[in-house]
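In what follows, every heavy atom counts, from backbone to side chain, and hydrogens, waters and symmetry copies are set aside. It should be emphasised that the depicted structure is a prediction, and the values quoted were computed from it without experimental measurement. In what follows, every chain begins at residue 1, and chains take the letters A, B, ... in the order their sequences are listed.
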There are 2 protein chains.
Amino acid sequence: MPEGRTGQGYSGESLLFLTDEQLRQGIEAMFFAYRGFTADPDRILAEMSYGRAHHRAIHFINRSPGTTVNNLLSILGVTKQSLNRVLRTLIGDGLVISKVGELDKRERHLYLTDQGAALEATLSDAQRARMRAAYKDAGPEAVQGFKKVLEAMMDADMRRAYAKLRD
Amino acid sequence: MPEGRTGQGYSGESLLFLTDEQLRQGIEAMFFAYRGFTADPDRILAEMSYGRAHHRAIHFINRSPGTTVNNLLSILGVTKQSLNRVLRTLIGDGLVISKVGELDKRERHLYLTDQGAALEATLSDAQRARMRAAYKDAGPEAVQGFKKVLEAMMDADMRRAYAKLRD
DNA sequence: TTGGAATGTCAACAACACTGACATAAACTG
DNA sequence: CAGTTTATGTCAGTGTTGTTGACATTCCAA
């Protein structure tokens with residue numbers, strides 16, 4: 001490449017950072033980081049025979065109180081049978097309540113009870129603490145890049161769901 | 001805050017970027033991005049009745065040919081029973097071979113067969129393609145930040161394993 | 001009224017993790 | 001050498017989370 005390569009500047013980096021080795025490091029970083037990301041809530045959940053699925057349901061119900069089952073399904077990307085099993089235990093345990101819709105009585109609107117909100121807070125606090133520490137370690141510009149890459153890694157439908165939650 | 005806040009510069013950001021809302025966005029970004037991260041290999045694996053566990057084993061055996069079972073266990077962070085189930089099927093299907101150690105005959109050293117390497121390449125290609133696209137979208141500085149935050153999110157033992165793989 | 005959408009339930013199954021227990025062989029240690 | 005530890009493998013049981021398929025109910029809408 002005779003034209004325009006400086007070898008040390010921006011253009012050199014943009015050629016190098018897409019090598020298979022660099023990509024593999026990114027892949028492995030995702031793998032390990034996700035383990036860390038879920039480690040704290042997992043520990044708490046294990047004590048009450050709940051799992052990640054319960055956490056996810058609780059998180060998004062807290063995020064969007066009154067959300068419908070269908071809406072939750074599209075966010076979580078699982079089958080209704082799978083979600084239903086989780087919701088049934090959460091409702092049975094008094095962490096979630098399901099209200100029949102007023103406009104459309106087929107729909108069930110989901111809310112956290114006080115007890116559900118308390119668990120959500122416990123789980124969130126643990127996860128946010130780690131996130132906060134990671135953000136602090138890495139610095140604000142790194143966080144910008146972090147979010148940018150993650151968003152670029154999503155499928156279009158996930159990106160839509162993600163954007164919707166940011167309203 | 002009378003002293004030193006500009007409201008638009010670096011100091012303003014470093015105060016704001018640790019709000020619960022910002023952290024929650026990061027948490028949700030991780031959730032959705034990880035789905036995207038695994039989506040392509042998952043599709044391929046589903047066709048051959050393999051799962052993510054097989055992918056992970058194949059990935060790290062390819063990454064460190066001759067690695068022992070114990071070493072793989074510490075990297076993957078699962079029980080030996082869980083790993084053994086996966087390895088048994090991979091060995092039975094002719095994707096992995098296990099050689100008795102020469103120095104220490106208790107150890108089994110793991111290698112991919114040609115067939116195993118072929119599957120690894122197929123899975124890696126799919127995952128790297130998405131990673132490459134995300135990196136391209138986000139730009140080189142974003143990638144730096146991405147890795148920095150991910151690394152800060154790991155537990156100490158993961159960070160050690162991750163660093164070890166970068167040698 | 002017929003069709004479709006939203007929801008729920010039941011059954012079966014698979015992947016993947018866990019614990020606990022036990023076996024074997026090899027290596028280390030006193 | 002005897003005893004212990006280490007590395008690995010295996011069997012049995014259990015739990016969470018996901019899947020498909022089938023079927024029922026309720027209700028809105030054309």
Side-chain angles (χ1 to χ4, degrees), chain A residues 31 34-35 38-39 41-61 66-93 96-110 123, chain B residues 31 34-35 38-39 41-61 66-93 96-111:
Chain A
F31 169 66
Y34 199 76
R35 273 238 301 276
T38 58
D42 281 356
R43 250 189 302 278
I44 297 166
L45 291 158
E47 291 171 9
M48 35 181 72
S49 73
Y50 284 150
R52 271 182 214 172
H54 300 85
H55 182 193
R56 290 195 284 261
I58 287 174
H59 174 97
F60 286 109
I61 293 172
T67 186
T68 62
V69 173
N70 237 16
N71 186 34
L72 203 51
L73 277 178
S74 71
I75 287 172
L76 296 175
V78 297
T79 58
K80 62 176 179 175
Q81 293 90 334
S82 198
L83 175 59
N84 192 255
R85 194 192 319 115
V86 168
L87 286 179
R88 212 185 317 159
T89 71
L90 290 175
I91 292 169
D93 293 351
V96 168
I97 48 174
S98 150
K99 287 187 187 168
V100 174
E102 292 188 2
L103 275 154
D104 187 336
K105 292 178 188 167
R106 293 167 303 178
E107 293 179 343
R108 304 298 144 95
H109 298 272
L110 303 168
L123 296 170
Chain B
F31 168 67
Y34 198 77
R35 273 239 301 276
T38 57
D42 281 356
R43 250 190 301 278
I44 296 167
L45 291 158
E47 292 171 6
M48 36 181 72
S49 71
Y50 283 151
R52 269 182 215 174
H54 300 83
H55 182 194
R56 292 195 283 261
I58 288 175
H59 175 97
F60 286 109
I61 293 172
T67 187
T68 64
V69 173
N70 238 12
N71 185 34
L72 204 51
L73 275 179
S74 70
I75 288 173
L76 295 176
V78 297
T79 59
K80 62 174 180 176
Q81 294 91 329
S82 199
L83 175 58
N84 191 257
R85 191 192 327 115
V86 168
L87 285 179
R88 214 185 318 163
T89 70
L90 290 175
I91 292 169
D93 293 351
V96 168
I97 48 174
S98 149
K99 287 186 187 170
V100 173
E102 294 189 359
L103 278 153
D104 188 333
K105 290 178 189 166
R106 291 171 306 177
E107 294 180 340
R108 303 299 145 92
H109 298 273
L110 303 169
Y111 301 87

Problem - Contacts of type side-chain hydrogen bond (donor to acceptor under 3.5 Å, both in side chains), residue A:H55, not counting sequence neighbours - result: none
Problem - Spacing between B:L72 atom CG and D:dG9 atom P, to the nearest angstrom - result: 11 Å
Handout entry: Nearest-angstrom distance from the residue atom CZ of A:R56 to P of D:dT16
Key = 14 Å
Handout entry: Working for side chain to side chain contact (heavy atoms under 4.5 Å, CB included), residues A:L123 and A:H59
Key = CA-CA 9 Å; A:L123 296 170; A:H59 174 97; over 6 Å; no
Practice task
Measure from CZ on B:R52 to P on D:dT16 and round the result to the nearest Å.
Solution key: 19 Å
Completion exercise
In whole angstroms, the gap separating P of D:dT19 from CZ of B:R43 amounts to 14 Å
Practice task
Kindly compute the distance separating CZ (B:R85) from NE2 (B:H54), expressed to the nearest 0.5 Å.
Solution key: 8.5 Å
Problem - Reading 5' to 3' through nucleotides 25-30 of chain D, protein heavy-atom contacts under 4.0 Å coded B for base, S for sugar-phosphate only, - for none - result: -BBS--
Exercise for the section: Grab the CG-P distance between A:N84 and D:dC23 for me, whole Å please. Expected result: 19 Å
Is there any protein nitrogen or oxygen under 3.5 Å from a nitrogen or oxygen in nucleotides 11-15 of chain D, and what are the pairs?
none

Fill in the blank from the handout: side-chain hydrogen bond (donor to acceptor under 3.5 Å, both in side chains) filter on B:R106, not counting sequence neighbours, yields B:D104
Exercise for the section: Identify, between A:K80 and B:V78, the residue whose nearest nucleotide on DNA chain C lies closer to the 5' end. Expected result: A:K80
Fill in the blank from the handout: Applying side-chain hydrogen bond (donor to acceptor under 3.5 Å, both in side chains) to A:H109 and not counting sequence neighbours gives none
Exercise for the section: Using a 4.0 Å heavy-atom cut-off across all strands, classify B:H54 as base, sugar-phosphate, or nothing. Expected result: sugar-phosphate
Fill in the blank from the handout: One should read off an interatomic distance between B:T89 OG1 and B:N84 CG, to the nearest 0.5 angstrom, of 10.0 Å
Problem - Residues in side chain to side chain contact (heavy atoms under 4.5 Å, CB included) contact with B:K105, at least two apart in sequence or another chain - result: B:V100
Problem - 5' precedence on DNA chain D between A:M48 and B:E107 (nearest-nucleotide basis) - result: B:E107
Could you tabulate the donor-acceptor pairs under 3.5 Å formed by side-chain atoms of residues 45-53 of chain B, not counting sequence neighbours?
from: B:Y50; atom 1: OH; to: B:D93; atom 2: OD2; distance (Å): 2.3
from: B:R52; atom 1: NE; to: B:D42; atom 2: OD1; distance (Å): 3.3
from: B:R52; atom 1: NE; to: B:D42; atom 2: OD2; distance (Å): 3.1
from: B:R52; atom 1: NH2; to: B:T38; atom 2: OG1; distance (Å): 3.1
from: B:R52; atom 1: NH2; to: B:D42; atom 2: OD2; distance (Å): 2.9

Handout entry: Residues that A:S98 engages under side-chain hydrogen bond (donor to acceptor under 3.5 Å, both in side chains), provided they are two or more places apart
Key = none
Completion exercise
Contacted region of DNA chain C by chain A, from 5' end to 3' end of the hits, cut-off under 4.0 Å to heavy atoms, spans C:dG4 to C:dC10
Completion exercise
Separation of D:dG18 atom P from A:L87 atom CG, nearest Å, is 11 Å
Indicate every side-chain donor-acceptor pair of residues 71-82 of chain B with a distance under 3.5 Å to a residue at least two apart or in another chain.
from: B:N71; atom 1: ND2; to: B:T67; atom 2: OG1; distance (Å): 2.6
from: B:S74; atom 1: OG; to: B:N71; atom 2: O; distance (Å): 2.8
from: B:T79; atom 1: OG1; to: B:S82; atom 2: N; distance (Å): 3.3

Handout entry: N or O in side chain of B:N70 less than 4.0 angstrom from D:dT8 OP1/OP2
Key = yes
Handout entry: Straight-line distance of B:L90 CG to B:L110 CG, nearest 0.5 Å
Key = 9.5 Å
Handout entry: For atom CD of A:E47 and atom P of D:dT16, their distance in whole Å
Key = 14 Å
